[in-house]
Every structure is written in C-alpha cells, then in structure tokens.
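Contents: one structure, followed by commentary.
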Amino acid sequence: QVQLVESGGGLVQAGGSLTLSCKVSGRTFRFDRLAWFRHTPGAEREFVVAMHWRSVYTYYADFVKGRFTISRDNAKTTVYLQMNSLKPEDTAVYYCAAATGYTTDYTDNSRYDYWGQGTQVTVSS
C-alpha cells in the first residue's frame, strides 16, 4: 500500500518561511506524479505544485511561482515544499497527493489516487 505523511506545518509570520515534508512509502514506483494541494474551509481544494515522478518536471500554480519550491530527496522517500515570502492568504491545510495514471492536467485533484492527512499552515499578518 502507498502511504503519504505530511509534516512541517505551523504558525509563521507574514514574510516568513516554512518547509513541508511528505514522506512516501509503499509502491511508489507506480507514481506518475506527486503534488501539493491546499484547502481552506468553504473553498475547493487548490492546486499548488506538482512534480513528475521520473523526469522531475515541475509545474507551479501562478500564485506560488517564485515563492514556493518543490524538491525530492535522492532516495525518493520524501518530497519537500519550501515556502518563502508567506502571505496570510497562504493559510490552509496542505496535502500531498500522488497519482499513478497519466494526465496532462496536473491540477485536477480528482486524478490523484493517494492523499496524506494534511498539515496546517497558518500565516499571521
């Protein structure tokens, strides 16, 4: 079975930084891509960034370009989301998600098969 476990969330002041981690285990060789999404109450789950598992190609939502960076360790066991210049509107529960099927639409959350439990990020003004 596949497991995704996020960590690293917390409270930070606007302009600060946080690094989230997503530890992956199980049959990760089946992954096509891994992504980070975020969710705030009353809103749709929002795409943040995705990484193709083999090529390490990355695709960012416009609102995080230049501020957030996705990366992966060489052992392919942990994916990171480095978040800089945080804004209050970045406050959300952040989830990592993995997909096994091919798609050209990295942003569609319905195309992801596995999800972590989420980690809360709160940015104070």
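Distance check: T78 OG1 to K23 NZ gives 4.5 Å after rounding to the nearest 0.5 Å. Atom OG1 in T91 sits 7.0 Å away from atom CD in Q120 (nearest 0.5 Å).
A cation-pi arrangement is present between R33 and Y112, with the terminal nitrogen or guanidinium carbon under 6.0 Å from the aromatic centre and inside a 45° cone about the axis.
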Would Y80 and T69 satisfy side-chain contact (heavy atoms from CB on, under 4.5 Å), going step by step from the backbone distance to the final call? CA-CA 8 Å; Y80 303 98; T69 303; over 6 Å; no
Take T19 and Q82 through the side chain to side chain donor-acceptor pair (under 3.5 Å) test and state the conclusion after the steps. CA-CA 4 Å; T19 301; Q82 173 68 42; 2.4 Å; yes
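Using cut-offs of 30° and 60° for the angle between ring planes, the Y94 and F68 rings count as tilted.
With sequence neighbours left out, D108 forms a salt bridge (charged side-chain N to carboxylate O under 4.0 Å, His left out) with R111. Here D62 pairs with K65 under the salt bridge (charged side-chain N to carboxylate O under 4.0 Å, His left out) rule; sequence neighbours left out. Applying the ring pair (Phe, Tyr, Trp, His ring centres under 6.0 Å) rule to F47 yields the partners F37, Y59; only residues at least two apart in sequence or on another chain are considered.
The two residues L4 and C22 make their nearest non-hydrogen contact at CB-SG, 4.0 Å. Between T100 and Y114, the shortest heavy-atom distance links the atoms CG2-CE1, 3.9 Å.
The salt bridge (charged side-chain N to carboxylate O under 4.0 Å, His left out) contacts involving residues 4-21 comprise nothing, where partners must be two or more places apart or lie in separate chains. Identified under the ring pair (Phe, Tyr, Trp, His ring centres under 6.0 Å) test for residues 5-32, with sequence neighbours left out: F31-W53. Within the structure, disulfide bond (SG atoms under 2.5 Å apart) contacts touching residues 28-81 (residues at least two apart or in different chains) do not occur.
Between R67 and D90 there is a salt bridge, since at least one side-chain N of the basic residue sits less than 4.0 Å from a carboxylate O of the acidic one.
One hydrophobic cluster holds both M51 and L20 under the rule that ILVMFWY side chains link at heavy-atom gaps under 4.5 Å.
With a 4.5 Å cut-off on side-chain heavy atoms, M83 and V121 count as touching.
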